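Please read the structure below before turning to the comments.
Values in this document were obtained by computation on a predicted structure and should not be read as measured data. Counting convention: from 1, in listed order, for ligands and their atoms alike.
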Amino acid sequence: MSINQNINHINLDFQMPTIFRFGVGAFATLVNEIEALGVKKVAIVSDKGLEQVGVVQKVKNLIKPISVPTVTYTDIEGEPTFQLLEEAVQTLDVEKCDLIIGIGGGSALDVAKATAALCGKGDLTAYLSSEKMIESRTVKCILLPTTSGTGSEVTMNAIFGDEEQQVKRGLVSPAFLPDVAIIDPELTISCPPRVTAASGVDAFTHAIESYIAIKATPLTKIYSEKAMKLFTLNITRAVHNGNDLNARIGMSWLSSLAGVALANAGVGAVHALAYPLGGKFHIEHGVSNALLMPFVFEAIGKTCTEEMIDVAAFLKLGDFKSHPHEALNAVVDYLYQLLSDLDLPTSLSELGVDEESLPLLAEQAAKIDRLLSNTPYKLNEQKILEIYQSAFKGRVGK
Ligand SMILES: NC(=O)c1ccc[n+]([C@@H]2O[C@H](COP(=O)([O-])OP(=O)(O)OC[C@H]3O[C@@H](n4cnc5c(N)ncnc54)[C@H](O)[C@@H]3O)[C@@H](O)[C@H]2O)c1
């Protein structure tokens, strides 16, 4: 379909944070934003790891001169659950803060923005089960990512583990978009290689999945395309030399661009299959996505040949216009190669997943219709099981 035809057939809504600020050193402008919002009490939400590397103290030092009362919430270890979110809301509701500053990777940012939106809402049950939409928020919110990344600072999603169901589930609300997103690549310099690799591939997953998504529009595709081009230029350098500021700048850009594409076009089957792995086996989200991506694309890529030709070109894998069916193979080979290039696991068995659990994982993934229905090839439970089985063994004979 030509781009003009495509534009004629869609109603195009596009959502972003109120202010999106990007730049090396932009972190320092946080203080101006706090003053501009005219708030009386601030909560800093982050995690234990970032407290240890001094990031939380850095925020406190920055805002000390304006003498605004501040509380800190850092009871986040690993990827957050709904129970943790409820605890955060209970704790911060009592504090009556009128601004929440979230600083961290996706885990801290998701808790920060969901807490800001849920403070003052009373009984949370219907909101946490997604029966009731969170329409608005009264607490202001500023988000600063320290990974590149989930793009959480620009999305309407927040992802939590459901311990009872042993799956991860997303809450979606426009109230999760912050008043201000400040993306300062310097904040990512201290990110260790494994987190850089896993969160970097997570961002790439947002880019490639949003590019082929049913809900993709010409506008979201611009963001997805640029994000994929930046990924291939920067990921290896950022993982193997974390002090390379230019690589970190490229990664921060792509993470936010891919986040905007995710927020407006959604993602698909790779995420649907990753969520049960996070819920039951607590595998980091980026690692699950990275590992599943080649196996999922091998299964679904034949239904989006044109997009695979585009993706191959964005990743500089070659021009496949005259032999379109080879584009998918080139993309899948690239996705497999990434795992070893970035020292990421290459099979589910390596991650401690047992083979007997695969049918249950497939049953859970098959229920995530929000994501599966946004994928051009509709996977059923049997096909999903086959993908898990292939990912369990890893790529054989290559
Ligand atoms: N809201 C969304 O749109 C969205 C999208 C994708 C993923 N997610 C969610 O985000 C979470 C994963 O986030 P993530 O991949 O950013 O990892 P993370 O937030 O879980 O952080 C991983 C580890 O890296 C550490 N870390 C982060 N930044 C650091 C830095 N600059 N220096 C040193 N250490 C640092 C953290 O302390 C933590 O120990 C998952 O729960 C996932 O489901 C949300």
Side-chain angles (χ1 to χ4, degrees), residues 15 17 27 45-56 58-59 74-82 84-85 102-114 117 141 143-162 167-173 175-178 181 183-207 209-210 238 242-243 248 251-252 255-256 258-267 270-272 274-279 282-290 344 371:
Q15 289 177 285
F27 168 72
V45 173
S46 192
D47 71 23
K48 289 276 174 246
L50 287 156
E51 196 161 42
Q52 276 157 20
V53 294
V55 168
V56 175
K58 211 173 146 182
V59 178
T74 54
D75 282 345
I76 306 170
E77 277 180 280
E79 299 190 359
T81 60
F82 280 99
L84 185 141
L85 172 62
I103 184 159
S107 297
L109 298 194
D110 282 1
V111 174
K113 66 190 192 180
C141 182
L143 299 178
L144 301 101
T146 62
T147 61
S148 306
T150 65
S152 175
E153 70 281 1
V154 293
T155 72
M156 289 160 278
N157 308 349
I159 318 290
F160 300 96
D162 182 329
V167 284
K168 293 190 82 173
R169 216 163 27 85
L171 297 179
V172 185
S173 163
F176 290 166
L177 285 172
I183 299 100
D184 184 341
E186 276 186 336
L187 290 173
T188 67
I189 291 279
S190 54
C191 227
R194 164 92 170 206
V195 177
T196 304
S199 58
V201 181
D202 187 22
F204 176 72
T205 317
H206 299 157
E209 285 213 285
S210 60
N243 290 320
R248 293 293 192 180
M251 291 303 295
S252 290
S255 163
S256 289
V260 173
L262 149 72
N264 290 282
V267 282
V270 178
H271 276 75
Y275 284 157
L277 286 172
H282 305 288
I283 298 169
E284 306 110 281
H285 177 71
V287 170
S288 305
N289 275 343
L344 288 168
L371 300 174

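- The nearest protein heavy atom to atom 21 (O) of ligand 1 is not closer than 4.0 Å.
- The part of Asp47 lying near ligand 1 is the side chain, judged by heavy-atom distances below 4.0 Å.
- Of all protein heavy atoms, the one lying nearest to atom 33 (C) of ligand 1 is Ser190 O, 3.3 Å.
- The CG atom of Asn289 sits 11.5 Å away from the OG1 atom of Thr150 when rounded to the nearest 0.5 Å.
- Close approach of ligand 1 to Thr147 (heavy-atom distance below 4.0 Å) involves ligand atoms 16 (O), 27 (C), 28 (N).
- No salt bridge links Glu186 with Arg248; every basic N to acidic carboxylate O contact stays at or beyond 4.0 Å.
- Applying the side-chain hydrogen bond (donor to acceptor under 3.5 Å, both in side chains) test to Thr205 and every residue at least two apart in sequence or in another chain returns nothing.
- Under the 4.0 Å distance rule, the nearest protein heavy atom to atom 25 (C) of ligand 1 falls outside the cut-off.
- Counting atoms of ligand 1 from 1 in the listed order, those under 4.0 Å from a heavy atom of Glu79 are 12 (C), 40 (C), 41 (O).
- Taking every heavy atom of Gly49 and a limit of under 4.0 angstrom, the matching atoms of ligand 1 come to 37 (O).
- With hydrogens and angles ignored, the 3.5 Å screen pairs no side-chain donor or acceptor of Gln15 with any backbone N or O of Ala263.
- Proximity of Asn157 to ligand 1, defined as any heavy-atom pair under 4.0 Å, is shared by backbone and side chain alike.
- The ligand atoms of ligand 1 that sit less than 4.0 angstrom from a heavy atom of Gly105 are 16 (O), 19 (O).
- Contact analysis puts Lys113 in contact with ligand 1, with a non-hydrogen atom separation below 4.0 angstrom.
- Ligand 1 has a nitrogen or oxygen under 3.5 angstrom from a nitrogen or oxygen of Ser107.
- Residue contacts with ligand 1 for Lys168 involve side-chain atoms from C-beta outward but no N, CA, C or O (heavy atoms, distance under 4.0 Å).
- Atom 15 (O) of ligand 1 has Ser199 CB, 3.6 Å as its closest protein atom, hydrogens excluded (heavy atom only).
- Heavy atoms from both the backbone and the side chain of Leu50 come within less than 4.0 Å of ligand 1.
- A salt bridge links Lys168 with Glu79: the distance from a Lys NZ or Arg NE/NH1/NH2 to an Asp or Glu carboxylate oxygen falls below 4.0 Å.
- Not a single donor-acceptor pair under 3.5 Å links the side chain of Thr147 to the backbone N or O of Gly149.
- Using a 4.5 Å heavy-atom threshold, the side chains of Val56 and Thr74 count as touching.
- Between the CZ atom of Phe176 and the NZ atom of Lys113 there is a distance of 7.5 Å, given to the nearest 0.5 Å.
- Put simply, the side chain of Asn264 gets close to the backbone of Val260: a donor and an acceptor are under 3.5 Å apart.
- With a 4.0 Å cut-off on non-hydrogen atoms, Lys48 does not touch ligand 1 at all.
- Heavy-atom separations between Glu77 and ligand 1 are all 4.0 Å or longer.
- In this structure, Ile159 CD1 and Arg169 CZ are separated by 10.5 Å, a value rounded to the nearest 0.5 Å.
- Of all the atoms in ligand 1, the ones that sit under 4.0 Å from a non-hydrogen atom of Thr155 are 1 (N), 2 (C), 3 (O).
- No donor-acceptor distance shorter than 3.5 angstrom exists from the side chain of Ser255 to the backbone of Ala203, with no hydrogens or angles considered.
- The proximity of Thr146 to ligand 1, defined as any non-hydrogen pair under 4.0 Å, involves the side chain as well as the backbone.
- Comparing Val287, Val53, Asp110, Val55 by heavy-atom distance to atom 44 (C) of ligand 1, the nearest is Asp110.
- Annotation for ligand 1: atoms under 4.0 Å from non-hydrogen atoms of Asp202 are 6 (C), 7 (C).
- Residue contacts with ligand 1, taken as heavy atom pairs separated by less than 4.0 Å, do not involve Leu109 at all.
- Asp110 is linked by a side-chain hydrogen bond (donor to acceptor under 3.5 Å, both in side chains) to Ser152, counting only residues two or more places apart in sequence or in another chain.
- The closest approach between a heavy atom of Cys191 and any atom of ligand 1 is below 4.0 Å.
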Practice task
Step by step, work out the side-chain hydrogen bond (donor to acceptor under 3.5 Å, both in side chains) result for Ser46 and Glu51.
Solution key: CA-CA 7 Å; Ser46 192; Glu51 196 161 42; over 6 Å; no
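- Ligand-side atoms of ligand 1 in range of Val195: 23 (C), 24 (O), range being under 4.0 angstrom from any heavy atom.
- Note: Leu171 CG to Phe82 CZ = 4.5 Å, rounded to the nearest 0.5 Å.
- In terms of protein heavy-atom proximity, atom 5 (C) of ligand 1 is nearest to Thr150 O, 3.5 Å.
- Inclusion of Gly106 in the set of residues having an N or O under 3.5 Å from an N or O of ligand 1 is warranted.
- For ligand 1, the atoms closer than 4.0 angstrom to any heavy atom of Leu187 are 31 (N).
- How far CG of Leu84 is from CZ of Phe160: 8.5 Å, rounded to the nearest 0.5 Å.
- The CD1 atom of Ile103 sits 10.5 Å away from atom CG of Asp47, with the distance rounded to the nearest 0.5 Å.
- Look at Pro192 and you'll find a heavy atom under 4.0 Å from some atom of ligand 1.
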